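Everything below concerns the one structure shown next.
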Amino acid sequence: MPSIGLIPRIALLVVLVELVSFSVLVWYYTDRFSHSADQRLRDGLQQVVRMIESEEISISAVARQNLMGDLLGAPYIDGLVIGGNRRVIVSHDPRHLGRQVSELPTYDNRWFQTNELRQGIFVADQDRLTWVQPFKHHADGSPLYTIVLTISTVEIQAEKQAIFRWGLAVSTLFILLSSACLVLVAQRIVARRVEASLRMLEQVAHGQLDARIDVLSNDELGQLQHGINAMTQKLGLLLQQQVQDAKQQQAHKELLQSVLEHAPFRVFWKDRDLRYQGCNSLFAADAGYTQPHELTGRHEDELHWRHELNQELAQEQNLLAAGVPLLEHEINLTLANGQKMVANVSKVPLRNAQQEVVGLLGLYSDITARKQTESELRLYASIFSYSAEAQLICDPERRILAVNRAFTQLTGYTLEDVRGKNPGILSSGQNTPDTYKAMWADLNHSDHWQGEIVDRRKDGSVYPKWLSISVVRDSEGNLTHYVGGFMDISERKKAENHIAYLAHHDTLTGLQNRYSLLNKLEQALATARRAGRMLAVMFIDLDRFKTINDTLGHACGDALLQQVADRLRANVRDSDIVARFGGDEFVVVLSDVEDAAATSRVANKLLEILRVPYLISPHELHSSPSIGIALFPSDGNEPDILMKNADVAMYHAKREGRNNTQFFTAALNESTAERLELERELRLAIDNGLLQLHYQPQICAADGKVHGVEALVRWAHPTLGAVSPAKFIPIAEESGLILPLGSWVLDTACRQAARWKAEGIEGLTVAVNLSAHQLRQPELIEQVQTILCRYALHGSDLELEITESVAMEDPQYAIKQLQALRGLDVQLSIDDFGTGYSSLAYLKLLPIQTLKLDRAFVRDIETDPNDAAISTATLALAHSLGLQVVAEGVENEAQRSFLAAHGCDRLQGYLFSRPEPAEVLSQRWKQEAIAVKTGV
Ligand SMILES: Nc1nc2c(ncn2[C@@H]2O[C@H](COP(=O)(O)O[C@H]3[C@@H](O)[C@H](n4cnc5c(=O)[nH]c(N)nc54)O[C@@H]3COP(=O)(O)O)[C@@H](O)[C@H]2O)c(=O)[nH]1
């Protein structure tokens with residue numbers, strides 16, 4: 001139900017009161033007016049009657065309406081005088097005269113109801129008033145006449161109603177105005193102030209305790225407002241106090257919490273049932289909880305470390321019973337995260353105000369790190385004592401505090417000997433001041449120095465040592481100690497010197513080795529550049545050394561090299577460099593020469609002394625050198641250029657017939673450049689498939705049939721034309737290109753062999769030249785097998801030719817490889833036989849089937865008895881070893897018949913055919929019906 005405000009209520013009440021009051025007032029005044037109007041009329045009527053009685057007017061005047069109206073001051077309706085017999089004796093209406101009054105229409109029987117007419121009576125109707133007054137009486141008291149005067153009350157009534165309406169209107173207006181005024185006044189006096197009070201109370205309700213009512217008056221409401229203000233102020237103070245108290249309490253609580261949380265130890269407290277009542281986060285985390293409150297109410301039995309704390313629990317029971325603290329003992333704990341912790345634990349009883357033990361407070365300190373440190377310290381102390389390295393510790397003033405056993409063993413000084421002394425006591429006096437300067441600079445800069453110094457033992461002996469010194473600082477960075485450790489490096493130095501010697505010298509000859517040569521040459525060049533002097537690099541290669549080595553053995557070869565080294569060393573200046581570059585190659589650097597002529601003189605001298613026979617028991621060996629010379633600055637500025645150019649010159653010397661000296665020239669360089677260009681183009685030719693194979697038939701000497709063909713590579717150069725394999729095969733061998741080239745030849749030749757087979761030319765052997773590089777490849781066997789398999793060939797369809805020198809380069813390995821090839825049933829032959837230096841002992845061991853007699857012996861076979869003798873001896877030797885012989889370069893009939901007469905098995909040469917493309921041969925064989933060994 002909606003509540004009605006105070007002001008509306010007051011206004012309603014006032015309106016009601018006023019309504020009642022004004023109703024009464026209006027009724028009263030209306031009534032009073034009515035009475036006075038009636039009275040006035042009655043008085044008028046009575047006055048008229050008295051005037052009649054006093055004969056101021058005649059009785060008949062009652063019939064004169066105008067007169068009567070004036071006398072009465074009211075509208076006069078009728079006047080009658082009724083005689084004793086009640087007959088009308090005077091009337092303004094003549095018709096009424098003499099008539100019984102009761103017959104008159106205006107008669108009212110109340111006129112004569114009473115016997116007390118002497119006084120007269122008023123008879124009132126709705127709109128008229130009649131005065132009935134007896135006049136002049138008989139003796140018996142009965143009236144002689146009765147005067148009846150009737151006036152109209154309509155006007156009076158209307159006036160009354162007007163007065164009533166006016167009163168009502170005025171009252172209503174008054175009520176409304178007074179109510180409005182009242183409301184306004186009440187509003188002003190009460191409602192606003194009440195509202196202000198309510199607003200203030202509302203502010204107070206919202207916590208605004210400094211809100212106050214603006215008291216405008218000191219009336220009751222004002223008093224009330226003062227009371228509210230005072231009460232609010234009091235309340236504010238109380239609340240302020242409470243807030244302050246609460247804040248203080250909270251601050252205390254937070255401080256305590258903070259102390260617990262930041263304390264570097266674990267804290268917990270338990271009740272008498274040994275249930276946790278609280279702890280800090282560190283402890284909660286150890287127990288496996290993220291929040292301390294999660295532990296509240298829990299017992300040790302619920303925690304993961306319950307099995308480790310049985311003894312602790314028993315002690316806690318005792319503590320609660322006896323109330324005696326349990327201080328400082330260590331326990332081992334496994335934390336919830338699995339880590340192990342060593343804790344220092346103290347527990348004290350918690351008491352209430354009555355000093356009763358109500359629980360316990362526990363403190364754990366994690367001393368794991370401390371225990372670890374203690375253990376490490378013990379370990380370090382042990383390491384220090386028993387270290388094999390001599391160690392000493394000094395204070396910041398560099399006084400020795402401690403030394404270990406190794407120190408005493410190494411220096412001879414005990415701790416008692418050196419305690420408090422400066423480590424300078426160990427000094428030998430042999431170290432330069434710069435060494436100590438650098439040491440202290442490093443120590444001051446990086447707290448560490450290590451290096452080599454020479455010190456003296458107690459017995460006076462001097463030794464080199466590797467010393468390492470470290471500065472130790474405390475957590476504030478203050479220097480607290482120096483720690484030095486050192487080892488006697490006498491042995492190591494010896495070994496290092498030896499290693500350094502080995503690293504720079506050739507072990508066989510004692511000369512500088514290749515590595516050292518380049519370094520020393522670099523230095524010598526720098527010196528020569530500075531001094532503007534000339535320098536000569538001589539590349540020396542021993543002629544035929546390989547033969548000596550292979551035939552007489554390595555020991556003999558080694559002795560020869562040693563003697564060569566001695567001779568070289570003995571015949572140049574100490575400032576010159578003599579080095580063994582590798583194998584039988586030596587390099588001499590004349591670090592300061594006048595000119596080319598002087599260099600030439602030295603070179604010739606070396607040529608001479610190296611030609612002197614070598615006595616290597618029981619042999620007297622002959623060897624000569626080929627010497628290539630490059631000069632600085634004319635032939636190069638850098639070590640590698642000079643070395644390369646001297647090498648080029650040395651090869652030139654070799655080509656010039658060995659046993660001579662050659663200076664490097666630009667022309668030599670050009671030929672080298674040309675060779676390099678050819679190598680580049682050969683590489684492109686191989687990559688782009690620009691090589692071809694030609695095939696040269698081998699003819700069976702006995703019946704003239706084609707036994708097989710030799711595959712020979714051809715290179716049709718776009719600008720140079722046909723380049724001879726004799727030119728590019730050596731380049732391919734030196735550059736390594738022989739491997740891809742050789743693979744291509746092998747594959748192409750076998751493919752062609754398969755094609756001929758497919759064409760019905762069966763039993764044709766295809767011979768392929770194999771280089772030294774190829775033979776050295778361990779993969780060769782698998783490669784040959786794969787190719788044979790790829791073209792479905794038998795091993796016997798293929799013949800591989802190796803030269804004598806290839807076979808003799810590494811005979812053991814060659815035998816192994818050749819045996820493996822024989823395992824595939826591949827035919828093997830020795831090419832160019834007679835031009836090399838075959839060891840017959842090894843030749844015998846090679847699993848070959850054929851010797852190819854070099855065309856150099858065939859060329860003059862019928863004219864030169866030596867060639868004829870060599871050829872026949874070769875044929876005899878080969879046959880005695882069960883080998884067949886192919887003669888190369890058969891160009892005429894005389895050669896053919898000579899060879900055939902001496903049992904040569906096969907013949908190859910221009911007499912029968914030049915090397916031709918496969919199609920040309922096939923065509924010819926078909927057209928000329930030349931018989932192929934088994935094909936025809
Ligand atoms: N590793 C490889 N070596 C190969 C390959 N192809 C050739 N060669 C070797 O190159 C050298 C030069 O060969 P080439 O110029 O092809 O000369 C050969 C014949 O053309 C030539 N010959 C044959 N008959 C006569 C003749 O009657 N007179 C004459 N003046 N020359 C003749 O002889 C060469 C064959 O020699 P050989 O191999 O020793 O049987 C040469 O050493 C080739 O070996 C290759 O693919 N791989």
Side-chain angles (χ1 to χ4, degrees), residues 682 685-686 690-699 707-717 721-753 765-777 780 784 787 798-807 809 827-836 850-862 867 874 884-896 898-899 904 906-918 920-921:
L682 177 60
I686 295 169
L690 300 179
L691 301 178
Q692 270 188 310
L693 275 193
H694 285 190
Y695 300 88
Q696 186 176 36
Q698 290 179 355
I699 307 300
H707 173 273
V709 290
E710 180 182 1
L712 294 159
V713 69
R714 293 292 177 263
W715 179 16
H717 190 280
V723 183
S724 165
K727 191 170 185 182
F728 69 79
I729 290 291
I731 293 174
E733 279 174 341
E734 282 169 32
S735 62
L737 286 172
I738 194 69
L739 289 177
L741 188 149
S743 297
W744 176 81
V745 169
L746 198 61
D747 188 273
T748 309
C750 287
R751 189 170 61 225
Q752 184 55 47
T765 307
V766 176
V768 172
N769 289 285
L770 208 62
S771 76
H773 259 73
Q774 285 175 283
L775 189 67
R776 276 200 292 271
Q777 293 299 306
L780 174 69
V784 171
I787 291 174
L798 179 67
E799 181 170 354
L800 294 176
E801 297 184 8
I802 55 168
T803 61
E804 270 187 282
S805 52
V806 169
E809 199 181 89
Q827 305 285 312
L828 300 171
S829 62
I830 294 289
D831 201 2
D832 304 341
F833 187 77
T835 57
T850 308
L851 286 183
K852 289 188 79 177
L853 183 63
D854 192 77
R855 67 174 179 272
F857 304 113
V858 175
R859 191 172 51 223
D860 300 322
I861 199 167
E862 72 277 56
D867 288 345
T874 301
Q884 292 204 333
V885 177
V886 178
E888 294 179 324
V890 181
E891 292 183 349
N892 55 49
E893 185 52 38
Q895 292 161 344
R896 187 199 69 76
F898 180 92
L899 289 163
C904 186
R906 297 196 295 273
L907 307 166
Q908 180 181 350
Y910 295 167
L911 177 65
F912 309 102
S913 170
R914 285 183 175 265
E916 300 279 10
V920 174
L921 287 180

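Start at 1 and go down the list; that is how both ligands and their atoms are numbered. The structure displayed is predicted, hence computed values, not measured ones.
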Query - side-chain hydrogen bond (donor to acceptor under 3.5 Å, both in side chains) between E799 and T765, intermediate numbers included - result: CA-CA 7 Å; E799 181 170 354; T765 307; 5.4 Å; no

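- The neighbour count for R714 CZ, taken as heavy atoms of other residues, nucleotides or ligands under 6.0 Å away, is above 12.
- When every heavy atom of V886 is checked against every heavy atom of C904, the shortest pair comes out as C-SG, 4.4 Å.
- Atom 7 (C) of ligand 1 is approached by the protein to below 4.0 angstrom, counting heavy atoms only.
- Remark: ligand 1 atoms within the under-4.0 Å shell around heavy atoms of E888 are 36 (O), 37 (P), 39 (O), 40 (O).
- Contacts with ligand 1 closer than 4.0 Å are made by side-chain heavy atoms of V745 only, the backbone lying farther away.
- Counting only heavy atoms of the protein, atom 33 (O) of ligand 1 lies nearest to R855 NH1, 2.7 Å.
- With a 4.0 Å cut-off on non-hydrogen atoms, D832 touches ligand 1 through its side chain and not its backbone.
- Residue-ligand proximity, P915 to ligand 1, at heavy-atom distances under 4.0 Å covers atoms 20 (O).
- The closest donor-acceptor contact from the side chain of Q895 to the backbone of N892 lies under 3.5 Å.
- A887 and L899 make their closest contact through CB-CD1, 3.4 Å (heavy atoms, listed as atom of the first residue, atom of the second, distance).
- Across every non-hydrogen atom of Y695 and A749, the tightest pair is OH-CA, 3.6 Å.
- Numbered from 1 in the order shown, with element, the atoms of ligand 1 that lie under 4.0 Å from a heavy atom of Q696 read 23 (C), 24 (N).
- For R914, no heavy-atom contact with ligand 1 is shorter than 4.0 Å.
- The single protein non-hydrogen atom nearest to atom 19 (C) of ligand 1 is L712 CD1, 3.9 Å, given as residue, atom name and distance.
- Nearest to atom 13 (O) of ligand 1 among the protein's heavy atoms is P725 CG, 3.7 Å.
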L798/L746 under side-chain contact (heavy atoms from CB on, under 4.5 Å): CA gap, chis, key distance, verdict:
CA-CA 9 Å; L798 179 67; L746 198 61; 4.2 Å; yes

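- Near A726, the atoms of ligand 1 lying under 4.0 angstrom from a non-hydrogen atom of the residue are 12 (C).
- Interface atoms of ligand 1 facing G909, defined by a heavy-atom separation under 4.0 Å, are 24 (N), 27 (O).
- Residue D831 has at least one N or O atom closer than 3.5 Å to an N or O atom of ligand 1.
- Scanning all heavy atoms of the two residues, the minimum distance from G889 to R855 falls at CA-CB, 3.7 Å.
- In plain terms, the two heavy atoms of V713 and F728 that are nearest each other are CG1-CZ, 3.6 Å.
- Here's the thing with V713: one of its N/O atoms is less than 3.5 angstrom from an N/O atom of ligand 1.
- Judged purely by atom type and a 3.5 angstrom limit, E888 has no side-chain atom pairing as donor or acceptor with the backbone of Q908.
- Of the listed residues (L691, I738, L739), just one forms a side-chain contact (heavy atoms from CB on, under 4.5 Å) with I686, and that residue is L691.
- The single protein non-hydrogen atom nearest to atom 25 (C) of ligand 1 is Y910 CE2, 3.3 Å, given as residue, atom name and distance.
- Distance remark: protein heavy atom present below 4.0 angstrom from atom 47 (N) of ligand 1.
- Looking only at heavy atoms of the protein, atom 30 (N) of ligand 1 is closest to E891 OE2, 3.3 Å.
- When each of H694, K852, Q698 is paired with E710, the side chain to side chain donor-acceptor pair (under 3.5 Å) condition holds for K852 and for no other.
- Here's the thing with E710: one of its N/O atoms is less than 3.5 angstrom from an N/O atom of ligand 1.
- Judged by the shortest distance from any of its heavy atoms, R714 lies inside the 4.0 Å radius around the atoms of ligand 1.
- At a distance under 4.0 Å, no protein heavy atom can be found next to atom 17 (O) of ligand 1.
- Distance alone, capped at 3.5 Å, is enough to place a donor-acceptor pair between the Q774 side chain and the S771 backbone.
- Contact annotation for N769 and ligand 1: heavy atoms of both the backbone and the side chain come within less than 4.0 Å of the ligand.
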